[in-house]
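We use all heavy atoms of the structure for the numbers below, so side chains are in, but hydrogens, waters and symmetry mates are not. All chains are named by letter (A, B, ...) in the order of the sequence lines, taking the proteins before the strands, and each is independently numbered beginning at 1.
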There are 2 protein chains.
Amino acid sequence: MATIKDIAKLAGVSVTTVSRALNGYSDVNADTRKRIEQIAKEIEYSPNALARSLVMKHTKTIGLLVSGLSRDGAKDNIVFDVLTGINEYCGSMGYDLVLFNTTTSKQKEKTYAQLCRERRVDGVIVQGIKKDDPYLIEIFDSNIPCVLIDVPVENEHTGYVSTDNVDGSMKAIRHLAELGHINIAMINGHDQAYVSKERRKGFELGMVEEGLDIHSEWIVNGEFTELKAEEVAYHLLVDSPEITAIFCASDLMALGVMRAAFELGKRVPDDLSIVGYDDITLASYVTPALTTIAQDTFRMGYEAADLLLKILHQTDEKRVQLIDNELKVRKTTKRCK
Amino acid sequence: MATIKDIAKLAGVSVTTVSRALNGYSDVNADTRKRIEQIAKEIEYSPNALARSLVMKHTKTIGLLVSGLSRDGAKDNIVFDVLTGINEYCGSMGYDLVLFNTTTSKQKEKTYAQLCRERRVDGVIVQGIKKDDPYLIEIFDSNIPCVLIDVPVENEHTGYVSTDNVDGSMKAIRHLAELGHINIAMINGHDQAYVSKERRKGFELGMVEEGLDIHSEWIVNGEFTELKAEEVAYHLLVDSPEITAIFCASDLMALGVMRAAFELGKRVPDDLSIVGYDDITLASYVTPALTTIAQDTFRMGYEAADLLLKILHQTDEKRVQLIDNELKVRKTTKRCK
DNA sequence: TTGTACGCGTTATCAA
DNA sequence: TTGATAACGCGTACAA
């Protein structure tokens with residue numbers, strides 16, 4: 001593989017001159033520059049990013065730490081959407097992405113800092129991390145620039161992007177209340193997710209705001225999975241048939257609830273109204289189409305990358321970026337009988 | 001950031017010894033090794049992969065060239081699934097993934113070889129590339145180990161993984177013929193995709209095998225998009241109401257055809273049977289659930305990574321890996337009236 | 001405008 | 001069992 005040394009030899013100049021010519025420095029003769037560029041093209045020279053990074057102290061790469069990069073993560077397209085957003089912005093800024101492997105046990109031995117430092121990534125974007133993940137402390141303590149998705153951590157070198165999950169949930173409850181629903185239940189995710197806490201808070205705030213009673217036994221965890229949500233919703237609806245509406249902390253769980261309702265012979269939305277969260281692709285394709293709180297996940301990724309690069313270049317003091325969410329009324333909610 | 005030099009100083013030995021100790025060489029005193037490891041931990045040393053790669057001539061990274069990494073690529077979860085499969089295998093083998101940016105115009109100036117050589121990736125996996133993409137020639141001509149998804153290119157250093165698209169399509173036609181369908185149309189993708197050619201061939205072979213007439217005007221391109229497929233299917237069904245079944249080269253397009261049927265007041269599957277291709281997540285969630293030819297896209301990614309590493313280490317002569325596909329009969333196909 | 005010399009952090013060769 | 005020393009490919013003071 002060709003190096004600047006080869007070019008130097010061929011052009012009869014020193015490597016310094018070649019380096020300067022190729023990097024667009026002004027203090028190099030126009031003729032020599034042209035000659036050098038010509039030769040570079042001829043021998044198909046590509047700069048060695050490794051060698052360059054070694055001396056330049058930056059790699060122009062962003063590390064990606066993604067938990068949901070597993071087989072069933074495909075159903076909700078959230079991870080993918082965020083990834084796409086990150087990719088879009090990073091690409092436009094000349095940064096490449098490296099996917100870290102946190103899934104396999106082999107790599108799990110490595111600490112967060114080790115992972116990042118080995119590859120010498122300039123910064124990291126973290127997605128799908130749980131509250132009790134040991135990485136979280138490391139992220140905070142290390143001095144590696146980092147942006148998290150949906151996990152509020154703030155620091156000199158770390159920030160986050162999220163949506164207003166409290167407000168989003170309140171929108172859902174308001175919508176349900178407007179339709180005359182009083183007995184509203186909630187299927188939440190799990191206690192290891194920050195969004196779950198927020199969405200529950202929004203649920204409760206919304207209920208209070210609307211003057212509705214909160215039955216704490218009507219708030220159950222569905223583990224963010226369709227199956228578990230189906231199961232808990234089934235029992236919930238059997239035990240408390242007076243429930244007329246369920247707010248779910250994710251669309252996937254809402255799908256599970258729809259199944260449970262079907263099994264019990266309850267029609268959606270006639271007998272049971274359902275509101276989801278996320279607006280995944282499936283939401284608008286299932287029948288009936290799911291009413292949900294939409295998050296612009298692509299934009300979350302895009303803004304995360306933007307925020308990270310700003311932290312990197314210290315061009316901004318901002319450490320938090322909130323994205324709008326929006327109630328999308330479709331076919332799973334209806335006026336209470 | 002700590003280096004082996006720091007450790008050497010602290011331990012009172014040479015860098016050579018440190019290097020050997022940390023890399024598990026046998027010719028180093030047990031005591032010194034222990035001391036070195038101890039110090040390494042204390043000062044939080046991580047090896048610099050850049051420096052190592054510079055001398056080792058390999059980076060333990062695989063480059064990913066993905067075309068469908070765009071916002072609407074989320075609907076069909078194919079790209080994501082393949083990515084997950086690649087990630088799974090590479091992770092288990094200690095390889096990291098770097099996502100190349102081919103989408104943005106800025107990076108589009110770079111040639112394939114430049115992209116790969118700059119980052120010094122050990123190999124590349126290419127997905128979603130079209131027949132007329134200039135990269136294709138480069139992939140063949142360069143000597144960079146590469147595995148393509150669904151593009152038959154074979155070489156000393158390049159191979160591919162795919163499914164038997166001819167056979168898959170024949171399965172679809174056989175199924176339709178068994179149900180008594182005679183007037184079968186096909187919505188294909190576009191001419192820049194290899195799979196389109198294959199699936200068309202399978203369609204035709206299947207029709208011949210079943211003794212059915214092929215109407216060439218009943219084979220139209222839907223560009224692999226839902227919208228375009230809906231449009232062409234609409235016209236097709238208006239012009240030729242005798243059509244009772246449509247085979248689509250992708251599930252997304254099948255969804256478009258379902259819409260077209262709905263607009264025309266045709267019931268699926270009573271008035272029109274539809275078979276898709278891919279078995280994306282949406283396929284089993286829409287109503288009626290889509291009959292389709294399922295591809296194990298996760299496995300395609302997994303096997304692609306496996307094949308690539310084998311080419312890399314020259315442990316196998318194999319350059320092609322075919323994955324099974326399978327007809328999944330659901331609710332969009334029915335006996336012809 | 002150009003060249004010399006050094007350093008980035010590592011591994012590898014050879015000699016001690 | 002250990003240590004100098006030379007690479008790897010590049011950028012950059014400093015000198016010319």
Side-chain angles (χ1 to χ4, degrees), chain A residues 1-37 39-40 43-61 94 96 113-122, chain B residues 1-37 39-40 43-61 94 96 113-122:
Chain A
M1 222 166 296
T3 71
I4 50 169
K5 219 184 249 175
D6 300 325
I7 301 180
K9 211 166 290 175
L10 256 36
V13 295
S14 75
V15 289
T16 314
T17 310
V18 176
S19 174
R20 278 192 293 233
L22 260 26
N23 288 319
Y25 278 60
S26 58
D27 59 349
V28 47
N29 186 288
D31 282 346
T32 34
R33 156 168 292 135
K34 209 158 281 174
R35 195 151 39 92
I36 287 169
E37 283 171 347
I39 294 173
I43 65 174
E44 291 186 318
Y45 166 78
S46 332
N48 186 330
L50 270 50
R52 176 180 286 164
S53 296
L54 197 54
V55 19
M56 299 282 267
K57 300 295 185 191
H58 66 250
T59 53
K60 284 275 196 174
T61 55
D96 279 331
Q114 274 174 326
L115 227 50
C116 301
R117 278 208 257 273
E118 276 189 19
R119 292 288 184 186
R120 291 298 193 272
V121 293
D122 296 340
Chain B
M1 224 167 292
T3 72
I4 49 170
K5 220 185 248 174
D6 301 327
I7 301 179
K9 210 166 291 175
L10 256 36
V13 294
S14 74
V15 291
T16 315
T17 309
V18 177
S19 175
R20 277 191 294 233
L22 261 24
N23 288 318
Y25 279 62
S26 57
D27 57 351
V28 44
N29 186 288
D31 283 345
T32 34
R33 156 168 292 133
K34 208 157 280 175
R35 192 150 40 92
I36 286 169
E37 282 171 347
I39 293 172
I43 65 174
E44 291 187 318
Y45 166 78
S46 334
N48 186 331
L50 270 50
R52 177 180 287 164
S53 295
L54 196 56
V55 18
M56 299 280 266
K57 300 296 186 192
H58 66 249
T59 54
K60 285 277 199 171
T61 55
D96 278 332
Q114 274 174 325
L115 227 49
C116 300
R117 278 209 259 273
E118 277 189 16
R119 293 289 183 187
R120 292 298 192 274
V121 294
D122 296 339

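Counting all heavy atoms, side chain and backbone alike, B:M1 lies closest to B:D6 at O-OD2, 4.0 Å.
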Only distances under 3.5 Å count here; give the side-chain donor-acceptor pairs of residues 43-50 of chain A to other protein atoms, sequence neighbours excluded, each with its distance to 0.1 Å.
from: A:N48; atom 1: OD1; to: A:L50; atom 2: N; distance (Å): 2.8
from: A:N48; atom 1: OD1; to: A:A51; atom 2: N; distance (Å): 3.3

Scan the side chains in residues 15-26 of chain B for donor-acceptor partners under 3.5 Å anywhere in the protein, sequence neighbours excluded, and list what turns up.
from: B:T17; atom 1: OG1; to: B:S14; atom 2: OG; distance (Å): 3.2
from: B:N23; atom 1: ND2; to: B:S19; atom 2: O; distance (Å): 3.0

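Axis angle, first five pairs versus last five pairs of the helix from C:dT1-D:dA16 to C:dA16-D:dT1: 40°, rounded to 10°.
Under the 3.5 Å distance criterion, the side-chain polar atoms of A:R117 are left unmatched by any main-chain donor or acceptor of A:Q114. No donor-acceptor pair closer than 3.5 Å links the side chain of A:R119 to the backbone N or O of A:C116.
Across all strands shown, B:N29 has heavy atoms under 4.0 Å from sugar-phosphate atoms exclusively, and none from any base. B:S53 comes within contact range of no nucleotide atom at all, as no heavy-atom separation falls under 4.0 Å.
Protein chain A touches strand DNA chain C; the 5'-most and 3'-most nucleotides with an atom under 4.0 angstrom of its non-hydrogen atoms are C:dT1 to C:dG9.
Distance check, rounded to the nearest 0.5 Å: CZ of B:R33 to CG of B:D31 gives 11.0 Å. Here CD1 of B:I39 is found 11.0 Å from CD of B:E37. Values are rounded to the nearest 0.5 Å. We find the CD-NZ distance between B:E118 and A:K60 to be 11.5 Å, quoted to the nearest 0.5 Å. The distance from atom CG of B:L54 to atom OG of A:S53, rounded to the nearest 0.5 Å, is 10.5 Å.
At D:dT1, none of the side-chain N or O atoms of B:T17 fall inside 4.0 Å of OP1 or OP2 (strictly under the cut-off).
Remark: B:T61 pairs with B:T59 by the side-chain hydrogen bond (donor to acceptor under 3.5 Å, both in side chains) rule, at least two apart or across chains.
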Revision key, fill the gap. Protein-proximity profile, nucleotides 8-16 of chain D, B/S/- by nucleotide at the 4.0 Å heavy-atom cutoff, equals BBBSBB---
